[in-house]
Amino acid sequence: MSVGLVPTMGALHIGHLSLIDRARTENVCVVVSIFVNPLQFGAGEDFEKYPRTLEGDLQICETAGVDAVFAPNMEEMGIINADSNADSNAKSNTKLTEVIPPLEMMDAMCGRSRIGHFQGVATIVTKLLNIVQPDRAYFGCKDGQQLAIIRQLVNDLNMPVEIVGCPTVREPSGLACSSRNQYLSASDRVLAVHIYQSLLQARQQFFLCYDLCLPSQIIGAAQNYLNKLPEINLEYIELVDAKTLQPCTQITSESELMLAIAARIGNTRLIDNILLSHTITPRKPIIAIDGPAGAGKSTVTKQVANKLGLLFLDTGAMYRSVTLAVLREGIDLRDRDKVQEIAAKSKIQLFANPIAGKPMQVLLNGEDITTEIRTPEVTANVSSIAAQAGVREILVKQQQMIGQTGGVVMEGRDIGTHVFPDAEVKIFLTASAGERAKRRQADLIAQGQVAPDLATLEREIQERDRKDSTRDHSPLVKSEDATLVNTDGLSIEEVVAAIVNLYEQKVQNP
């Protein structure tokens, strides 16, 4: 009879339930251990405050079909003598053999500020494995350092158990599920979402590089994002080998890396990580949002990505960047060879802005062109550039590289028909020309620019629609399997809710 063990410290949440579900599918018997381990808490940490909800946890385990719960006290785990007080100084009362994993794995990342933490984890996990003697033990990937250390521990000590790492479970916002999330206020939770968003920015950098990136570029993408949020007190961002935890000094096509982060919001310490690999990263769902100019695709796409914890990729900004580069050179936009040459040497980087209401940051060869790509001159010429097959081939390749692991929301003119025809969710977002003209005029005024009258703007929009839908290469058409969403009379919130609901129906509940 196979036995699966899910070690926990209680305060069970949906992340723990995912471990239990995985264990149930792979084993005849499932055991959940509940033990708040004092050995892994350092001085001044939250051992006394750590949530203890044993009665509720037992009910959750019963409902989840757990066969047995092992909930020992500290004396039963051999941590303190029977006559000792179970307090936060339990470490000083220990009289047991401790397990010490490799120092180079313990001393990095969380180990620098949590002295003795992983030694305490390793000691108790070893005891649990010896007591329960499972065939498999299940751990979440959210604590990637802990998972790597436990795998090394089991391998080094020749323990007959398989360590199974399970994907991080996230709230719809992208925030990683954690028992410590209950310490966060409503405003803290909004801030905490940006920790994962910073990792998504780094992942975008990883796949956007024409050649292999430098580790500093990956770390810098996340660092630059969080620098705009001083309320998040960053402890570290590190790029390491996912198995050995050694710092990454060079990225190769075979690299299997983990970008890990620890930060404090108020008094709450949060950790998260993301795996980066050009070979093993699994495909996650893609949302493709197509439609004509001015239909609100960019705004909607950003909010959908934020709601679902996915990566936002503004493809329109990429074509605008090439258009700006061509205009700066002063060449004829019809000279396809020279335009393609400029596109090929243009390094475009896109970064979401963590400050609400601010546009995505766009860099062209390292220069911030966020505002300049929205000028009337660029807007008037971008269709001509986007219609050129050579330019589209270059930029589509970049988009496909970024999206090859999925987990992205893309908007443009041909995402569902050409760039990602196999996207799990396809939306064709549209609005009447009159409605789009009103929105464009309001945007220009808000930017402090001179806005043409509505009739002129409407004619320009209709002409752009004509060009986009009749161009030879990848014309603007609705994919047969796309859902049509007309935004006339709808608020942004209503459009976003409709797309999120469609995503949940097609992906989460197929």
Side-chain angles (χ1 to χ4, degrees), residues 289-306 312-330 333 346 348-364 367-387 391 395 409-413 428-469 471 476 485-496:
I289 301 179
D290 291 314
K297 299 189 302 296
S298 181
T299 301
V300 167
T301 303
K302 283 186 284 188
Q303 293 197 21
V304 168
N306 185 57
F312 166 53
L313 178 61
D314 183 356
T315 58
M318 299 176 74
Y319 288 102
R320 285 175 173 271
S321 299
V322 173
T323 303
L324 176 62
V326 172
L327 291 172
R328 284 179 170 182
E329 292 288 337
L333 272 64
S346 295
I348 303 166
Q349 295 172 279
L350 309 175
F351 299 101
N353 197 315
I355 302 175
K358 296 294 184 180
M360 167 171 277
Q361 184 182 30
V362 184
L363 302 184
L364 174 63
E367 176 191 353
D368 191 330
I369 58 169
T370 305
T371 301
E372 198 171 353
I373 63 170
R374 301 294 174 183
T375 61
E377 183 181 17
V378 171
T379 299
N381 290 287
V382 66
S383 287
S384 298
I385 297 296
V391 174
L395 295 189
V409 185
M410 291 187 178
E411 62 88 6
R413 306 289 192 277
F428 192 85
L429 205 66
T430 188
S432 65
E435 177 66 23
R436 286 183 279 150
K438 292 178 184 178
R439 296 174 184 173
R440 180 60 181 158
Q441 187 182 63
D443 287 343
L444 291 172
I445 293 173
Q447 295 171 20
Q449 300 183 28
V450 177
D453 60 78
L454 288 175
T456 300
L457 286 172
E458 187 169 347
R459 285 195 300 271
E460 290 177 352
I461 286 172
Q462 290 172 337
E463 175 60 18
R464 184 170 180 182
D465 287 350
R466 186 192 67 79
K467 289 182 179 179
D468 285 344
S469 60
R471 66 192 182 200
L476 171 64
V485 177
N486 190 313
T487 64
D488 283 0
L490 296 180
S491 67
I492 294 296
E493 291 74 18
E494 289 172 327
V495 176
V496 170

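The first residue of the sequence shown is numbered 1, and numbering continues consecutively from there. In this text the structure is predicted, and so the values were computed from the model without any measurement.
If you take CD on Gln361 and OG1 on Thr371, they are separated by 10.0 Å, rounding to the nearest 0.5 Å.
Ser383 pairs by the side chain to side chain donor-acceptor pair (under 3.5 Å) definition with Arg464, Asp468, not counting sequence neighbours. Residues meeting the salt bridge (Lys or Arg N to Asp or Glu O under 4.0 Å) test with Glu494, sequence neighbours left out: none. Every residue two or more places apart in sequence or in another chain that forms a side chain to side chain donor-acceptor pair (under 3.5 Å) with Arg440 is listed here: Thr379. In this structure, the side chain to side chain contact (heavy atoms under 4.5 Å, CB included) partners of Ala386, at least two apart in sequence or on a different chain, are Tyr319, Arg392, Arg471. Every residue meeting the side chain to side chain contact (heavy atoms under 4.5 Å, CB included) condition with Asp488, not counting sequence neighbours, appears here in chain and number order: Ala431, Ser432, Glu435, Asn486. Contacts of Glu372 classified as side chain to side chain donor-acceptor pair (under 3.5 Å), with partners at least two apart in sequence or in another chain: Arg328. With sequence neighbours excluded, no residue forms a side chain to side chain donor-acceptor pair (under 3.5 Å) with Ser384. The side chain to side chain contact (heavy atoms under 4.5 Å, CB included) check on Ala446 picks up nothing, with sequence neighbours excluded. Partners of Asn381 under the side chain to side chain contact (heavy atoms under 4.5 Å, CB included) rule, at least two apart in sequence or in another chain, are Thr323, Leu327, Leu333, Glu377.
Residue pairs satisfying the side chain to side chain donor-acceptor pair (under 3.5 Å) criterion with at least one member in residues 441-451, sequence neighbours excluded, are listed as follows: Gln447-Gln449. Counting only residues at least two apart or in different chains, side chain to side chain donor-acceptor pair (under 3.5 Å) contacts with residues 290-300 are absent.
Thr301 has its side chain out of reach of Asp314: every pair of non-hydrogen atoms, C-beta onward, lies at least 4.5 Å apart. In this structure, the side chains of Leu454 and Lys438 come closer than 4.5 Å at one or more pairs of heavy atoms.
Not one N or O on the side chain of Arg413 forms a donor-acceptor pair closer than 3.5 Å with the backbone of Leu476.
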